[in-house]
*Asks:* 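Below is a structure I'd like to ask you about.
As the structure is a prediction and not an experimental result, all values here were calculated from the model. Index from 1, following the sequence.
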Amino acid sequence: EGQIARLALLDFAKDFQKRNPQFRVFGIYLHMDEATPHLHIDFVPYVTGSKRGPDTRVSMKQALASRGFVGKGRENTEYHQWMESEKHELAKIAERYGMIWEQKGTHREHLDVLNFKKEQREQEVAALEEQKAQLQTAMDKLDYKISRYEKAVETGKLTWEEDKCI
């Protein structure tokens, strides 16, 4: 299965520049050493014919607009539309190799370092809160046993049962 995925990814990579002429591709890397074979594609998006400044400029938004991708709000940006287009292209290629794209809906946006660390701290805090709750329950049980023992000592009715519970 990994080798079939490799062939599909290589086909996808081979035509990436043709599909995206407004990108200057300078590196495509196939990773087969992780759970899911995948590509990393390095490119610079550019647009020509700029009316202000240099004729050729680096601009992802304008490069995608030149291909007809128009943003429609925060959830449906040019970039999002383009990524969906590329995913569907990969799905078509994979289908030729007998693979079906299983969309699990588990993709998470990449986090910057600050937000990643924040998320990690939140998970640590949640784990510590759980540990604290367990310790509090244990403390409550001990407090109950101690109060029973103290009461038994005060009344002089210390039985072997109370003595054993401590």
Side-chain angles (χ1 to χ4, degrees), residues 1-140:
E1 290 176 355
Q3 290 306 315
I4 293 171
R6 177 182 165 273
L7 294 172
L9 288 169
L10 290 173
D11 278 0
F12 177 82
K14 183 179 67 172
D15 292 334
F16 183 83
Q17 182 73 75
K18 290 177 194 168
R19 283 190 314 277
N20 299 285
Q22 73 287 6
F23 295 165
R24 173 65 171 104
V25 177
F26 61 89
I28 298 180
Y29 313 95
L30 175 62
H31 283 232
M32 295 291 292
D33 60 341
E34 298 174 38
T36 304
H38 61 278
L39 293 171
H40 290 267
I41 303 176
D42 294 329
F43 59 87
V44 176
Y46 68 93
V47 64
T48 57
S50 179
K51 295 189 178 21
R52 293 187 305 164
D55 180 59
T56 303
R57 299 170 51 150
V58 173
S59 172
M60 179 65 120
K61 186 176 181 90
Q62 293 302 317
L64 294 176
S66 72
R67 290 246 347 257
F69 295 105
V70 179
K72 296 174 182 138
R74 289 169 54 129
E75 296 296 317
N76 196 11
T77 64
E78 297 89 344
Y79 182 77
H80 178 75
Q81 293 171 30
W82 171 73
M83 282 297 292
E84 286 302 310
S85 170
E86 288 296 306
K87 286 177 187 178
H88 288 290
E89 187 63 34
L90 179 57
K92 287 192 309 193
I93 293 169
E95 211 172 286
R96 291 196 311 250
Y97 285 91
M99 294 184 294
I100 297 172
W101 177 24
E102 184 179 337
Q103 297 184 43
K104 295 182 178 181
T106 58
H107 179 74
R108 290 179 48 200
E109 291 296 319
H110 291 285
L111 299 175
D112 59 34
V113 174
L114 181 64
N115 285 322
F116 174 77
K117 287 183 178 181
K118 179 182 173 188
E119 192 174 274
Q120 294 298 308
R121 296 298 93 65
E122 288 170 353
Q123 290 174 0
E124 289 171 10
V125 167
L128 289 171
E129 291 289 341
E130 175 64 27
Q131 187 178 12
K132 178 183 170 187
Q134 291 172 356
L135 290 171
Q136 186 61 53
T137 300
M139 286 291 295
D140 291 345

*Asks:* Would you check if P21 and R67 make a side-chain contact, meaning some heavy-atom pair closer than 4.5 Å?
*Replies:*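 They are in side-chain contact.
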*Asks:* Does CZ in R121 sit with more than 12 non-hydrogen atoms of other residues, nucleotides or ligands closer than 6.0 Å?
*Replies:*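 More than 12 heavy atoms, drawn from other residues, nucleotides or ligands, come within 6.0 Å of this atom.
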*Asks:* Do you know which two heavy atoms are closest between A8 and A94, and how far apart they sit?
*Replies:*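 In terms of heavy atoms, the two residues are closest at CB-CA, 4.2 Å.
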*Asks:* What is the minimum heavy-atom distance between L64 and Q22, and which atoms define it?
*Replies:*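 It is CD2-NE2, 4.1 Å.
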*Asks:* Can you see whether Y97 has R6 sitting over its ring - NZ or CZ less than 6.0 Å from the centre and within 45° of the normal?
*Replies:*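 Verdict for Y97: no cation-pi partner in R6.
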*Asks:* Measuring only between side-chain heavy atoms, which start at C-beta, is F43 closer than 4.5 Å to N20?
*Replies:*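 No. Closest side-chain heavy atoms not under 4.5 Å.
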*Asks:* After noting the C-alpha distance and the side-chain angles of K92 and E89, does the key distance pass the salt bridge (charged side-chain N to carboxylate O under 4.0 Å, His left out) rule?
*Replies:* CA-CA 5 Å; K92 287 192 309 193; E89 187 63 34; 3.4 Å; yes
*Asks:* Output the distance between atom NE2 (H38) and atom CG (L30), rounded to the nearest 0.5 Å.
*Replies:*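 Here the rounded value is 8.5 Å.
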*Asks:* To the closest 0.5 Å, what do you measure between CD (Q131) and CD (E129)?
*Replies:*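 Taking CD in Q131 and CD in E129, the distance rounds to 10.5 Å.
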*Asks:* Does CD in E122 sit with more than 12 non-hydrogen atoms of other residues, nucleotides or ligands closer than 6.0 Å?
*Replies:*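 Atom CD in E122 is packed in, count exceeds 12.
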*Asks:* Side chains of F23 and M60, heavy atoms from C-beta outward: is any pair under 4.5 Å?
*Replies:*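 Yes, their side chains come closer than 4.5 Å.
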*Asks:* What do the steps show when you test D11 against R96 for side-chain contact (heavy atoms from CB on, under 4.5 Å), and what is the final call?
*Replies:* CA-CA 11 Å; D11 278 0; R96 291 196 311 250; 3.9 Å; yes
*Asks:* Taking atom CZ of R24 as the centre, does the number of heavy atoms from other residues, nucleotides or ligands within less than 6.0 Å exceed 12?
*Replies:*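 Not more than 12 within 6.0 Å, no.
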*Asks:* With respect to L9, which candidate in I28, L90, I4 satisfies the side-chain contact (heavy atoms from CB on, under 4.5 Å) definition?
*Replies:*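 Running side-chain contact (heavy atoms from CB on, under 4.5 Å) over I28, L90, I4 with L9 returns exactly one hit, L90.
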*Asks:* Without hydrogens or angle criteria, can the side chains of Q120 and E124 be said to hold a donor-acceptor pair below 3.5 Å?
*Replies:*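 The answer is no; no qualifying pair exists.
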*Asks:* Closest approach of Q81 and G71, non-hydrogen atoms and distance?
*Replies:*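 Q81 and G71 have their closest heavy atoms at NE2-CA, 4.1 Å.
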*Asks:* So which atom in P37 and which in M32 form the shortest heavy-atom distance, rounded to 0.1 Å?
*Replies:*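 Looking at all heavy atoms of both residues, the closest pair is CB-SD, 3.6 Å.
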*Asks:* Salt-bridge test for R19 and E86: reply yes if a basic N is under 4.0 Å from a carboxylate O, no otherwise.
*Replies:*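 Here R19 pairs with E86 in a salt bridge, since their nearest N and O are under 4.0 Å apart.
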*Asks:* Considering residues, nucleotides and ligands other than L128, do more than 12 of their heavy atoms fall under 6.0 Å from its CG?
*Replies:*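 Yes, the 6.0 Å shell around CG holds more than 12 heavy atoms from other groups.
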*Asks:* Using the test salt bridge (Lys or Arg N to Asp or Glu O under 4.0 Å), find all partners of E34 that sit at least two apart in sequence or belong to another chain.
*Replies:*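 So E34 forms no salt bridge (Lys or Arg N to Asp or Glu O under 4.0 Å) with any residue.
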*Asks:* Please state whether the rings of W82 and Y79 are parallel, tilted or perpendicular, taking 30° and 60° as the class boundaries.
*Replies:*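 The rings of W82 and Y79 sit tilted, inter-plane angle from 30° to 60°.
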*Asks:* How long is the straight-line distance from CD of E130 back to CG of L135, given to the nearest 0.5 Å?
*Replies:*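 Between L135 CG and E130 CD, I get 10.0 Å after rounding to 0.5 Å.
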*Asks:* Can you tell me how far the CD atom of E119 sits from the CG atom of L114, to the nearest 0.5 Å?
*Replies:*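 Result: 12.0 Å between the selected atoms.
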*Asks:* Starting at CZ of F12, measure out to CG of L39 and round the result to the nearest 0.5 Å.
*Replies:*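 F12 atom CZ to L39 atom CG measures 7.0 Å (nearest 0.5 Å).
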*Asks:* H88 vs E84, test: side-chain contact (heavy atoms from CB on, under 4.5 Å). Steps then yes/no.
*Replies:* CA-CA 6 Å; H88 288 290; E84 286 302 310; 3.9 Å; yes
